[in-house]
Amino acid sequence: MKFTLLPILLLLAADICAQTPRREANAYRREGYRLVWSDEFTADGRPDPRRWGYEEGFERNHEAQYYQRDNATCRNGILTIEARRERRPSAEYDPDGTHWDQQRPYAEYTSSSINTRGRFAFRYGRLEVRARIPVAKGAWPAIWLLGTSLPWPHNGEIDVMEYYHTDGVPYILANAAWGGERQYQAVWNTGKIPYSHFIERDPDWADKFHTWRMDWDEEAIRIYLDGELLNEIDLATTVNRGGKGAGTNPFHREQFILLNLALGGDNGGPIDDSAMPMRYDIDYVRVYQKK
């Protein structure tokens, strides 16, 4: 009997999985949303170049990884960004350079960072990303957005998801940043939830996919994880205070999407080499807007 039931059970499971996005889409339609952009990562190989570009090299925050294209791969409907312990020469090395990225002749780690800059940006709507994140020490996965005009932070930054350890304690974060009085000075609204909050309810949390969602309208940005509100940012408070763009609100302008897996740096902390390679798996990225 168990052999005859197995195919039926598998078909039922597949049907339930297929119906879930449809039920979700129907619920969103009832709220007035329509799907305007998505990537389901169904084609094996590199991410779709019509949707995604890459960062390359050392980028920010004194991070340990060197970003390269080879570490982002789609297979069986999943985009995997893989951080590896591998040595490679840095194209940015300059023995006379003074910036931190110029002073490293080699990288000891590689990873990938992809984004929709110049391909897709939006203002207001619902962003939804289903992903499974690495949680080892030193991992710094992120889902985030940046404005398409003005220098950072006056262009605005929305961190739908960040994960990293602070003083040995892991956190999941949901943040926004905008411009302070001076150039490159940020004002932050930070939602910082201990990782223990999630694993106390589900010890196998790290082995599963979870859904991050951002609802963004003219009044607020609300960030959710599996339906739980992590942070709400009142856009009446997010006006740039000074510098270029003073008096403007970056969250009333378009933003593009970034997905990356960083290591170490200013926030990531010491890297657990025994956990390498680390894998950040993304099932889909979807953007909905109201008509």
Side-chain angles (χ1 to χ4, degrees), residues 33 35-39 41 47-48 50-55 59-61 63 67 72 79 81 112-131 133 140-164 172-180 184 186-192 210-225 229-235 237-240 245 248-262 267 280 282-290:
Y33 286 103
L35 185 68
V36 297
W37 186 94
S38 69
D39 198 342
F41 307 111
D48 185 347
R50 296 170 300 177
R51 291 179 170 90
W52 302 100
Y54 298 84
E55 292 186 299
E59 280 295 326
R60 61 186 74 85
N61 302 319
E63 294 159 3
Y67 285 133
L79 164 66
I81 297 176
S112 273
S113 175
I114 66 173
N115 64 76
T116 67
R117 184 170 192 161
R119 293 165 172 83
F120 174 74
F122 69 104
R123 182 181 68 158
Y124 310 143
R126 172 170 288 172
L127 169 68
E128 188 173 83
V129 180
R130 184 171 182 264
I133 65 171
W140 189 353
I143 303 163
W144 52 306
L145 300 96
L146 285 173
T148 57
S149 61
L150 299 177
W152 186 90
H154 291 74
N155 60 337
E157 174 181 332
I158 305 170
D159 300 324
V160 178
M161 181 275 289
E162 289 187 291
Y163 169 93
Y164 52 75
I172 288 176
L173 299 97
N175 318 312
W178 58 97
Y184 306 125
V187 180
W188 288 93
N189 181 317
T190 299
K192 192 172 183 180
H210 301 276
T211 302
W212 279 267
R213 192 182 94 217
M214 174 191 70
D215 286 354
W216 173 21
D217 60 27
E218 296 91 336
E219 296 180 355
I221 296 166
R222 299 173 182 89
I223 300 170
Y224 301 83
L225 171 51
L229 180 65
L230 303 185
N231 196 4
E232 180 172 354
I233 299 112
D234 181 357
L235 297 195
T237 68
T238 61
V239 177
N240 289 324
T248 63
N249 193 323
F251 303 120
H252 293 318
R253 299 184 178 188
E254 287 189 335
Q255 298 226 328
F256 65 93
I257 304 165
L258 303 94
L259 305 170
N260 70 288
L261 174 53
N267 288 336
Y280 173 20
I282 301 100
D283 184 12
Y284 61 75
V285 180
R286 297 171 184 163
V287 177
Y288 302 85
Q289 289 183 310
K290 292 191 174 182

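The model shown is predicted, which means the values in this text are computed figures rather than measured ones.
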Inset, instruction - Rounded to the nearest 0.5 Å, what's the gap from OG1 on Thr248 to CH2 on Trp178? Could you check? - result: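 Output value for this atom pair is 13.0 Å.
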Inset, instruction - Output the distance between atom OG1 (Thr238) and atom NE2 (His252), rounded to the nearest 0.5 Å. - result: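 It is 6.0 Å, given to the nearest 0.5 Å.
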Inset, instruction - Please assess Ser113 against Glu59 for the test side chain to side chain contact (heavy atoms under 4.5 Å, CB included), listing each intermediate value before the final yes or no. - result: CA-CA 10 Å; Ser113 175; Glu59 280 295 326; over 6 Å; no
Inset, instruction - Report the residue from Phe256, Phe120, Trp37 that forms a ring-ring contact (aromatic ring centres under 6.0 Å, His included) with Trp52. - result: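 It is Trp37; the other options fail the test.
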Legend entry - From Tyr33, Tyr224, Tyr124, residue fulfilling ring-ring contact (aromatic ring centres under 6.0 Å, His included) relative to Trp216: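 Exactly one option meets the ring-ring contact (aromatic ring centres under 6.0 Å, His included) with Trp216, and it is Tyr124.
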Shortest non-hydrogen separation from [X] to [Y] and the atoms involved:
| X | Y | value |
| --- | --- | --- |
| Pro47 | Ala72 | CD-O, 3.6 Å |
| Glu232 | Ala220 | OE2-CB, 4.3 Å |
| Asp217 | Arg222 | OD2-NH1, 3.7 Å |

If only atom types and distance count, is the side chain of [X] paired as donor or acceptor with the main-chain N or O of [Y] below 3.5 Å?
| X | Y | value |
| --- | --- | --- |
| Asn61 | Glu63 | no |
| Gln255 | Gly156 | yes |
| Asp283 | Arg130 | no |

Inset, instruction - Given side chain to side chain contact (heavy atoms under 4.5 Å, CB included), test Glu128 with Thr211 step by step and report yes or no. - result: CA-CA 7 Å; Glu128 188 173 83; Thr211 302; 3.5 Å; yes
Find out whether [X] and [Y] are in side-chain contact, i.e. whether some heavy atom of one side chain is under 4.5 Å from a heavy atom of the other.
| X | Y | answer |
| --- | --- | --- |
| Leu261 | Pro141 | yes |
| Thr116 | Val285 | no |
| Val129 | Val160 | no |

Inset, instruction - Please assess Leu235 against Glu219 for the test side chain to side chain contact (heavy atoms under 4.5 Å, CB included), listing each intermediate value before the final yes or no. - result: CA-CA 5 Å; Leu235 297 195; Glu219 296 180 355; 5.9 Å; no
Legend entry - No-hydrogen, no-angle side-chain donor-acceptor test under 3.5 Å, Asn260 and Glu55: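 The criterion, which ignores hydrogens and geometry beyond distance, is not satisfied for Glu55 and Asn260.
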Legend entry - Pair Asn231, Asn189: side-chain N/O donor-acceptor within cut-off below 3.5 Å: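 The criterion, which ignores hydrogens and geometry beyond distance, is satisfied for Asn189 and Asn231.
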Legend entry - Residue Arg51 excluded, over 12 heavy atoms near CZ under 6.0 Å: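 Check passes, neighbour count above 12.
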Legend entry - Validation row, ring centre Trp144 to ring centre Trp212 under 6.0 Å: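 Judged by ring-centre distance (under 6.0 Å), Trp144 and Trp212 do not meet the cut-off.
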Legend entry - Salt-bridge present (Glu254, Arg123; N to O < 4.0 Å):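 No salt bridge links Glu254 with Arg123.
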Legend entry - Partner of Ile257 under side-chain contact (heavy atoms from CB on, under 4.5 Å), chosen from Val287, Asn115, Leu146: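 The passing option is Val287.
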Legend entry - side chain to side chain contact (heavy atoms under 4.5 Å, CB included) evaluation trace for Phe251 with Leu145: CA-CA 10 Å; Phe251 303 120; Leu145 300 96; over 6 Å; no
Inset, instruction - Kindly indicate whether a cation-pi arrangement holds for Arg126 with Tyr288, taking the cut-offs as under 6.0 Å to the six-membered ring centre and within 45° of the axis. - result: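 No, cation not above the ring by the 6.0 Å, 45° rule.
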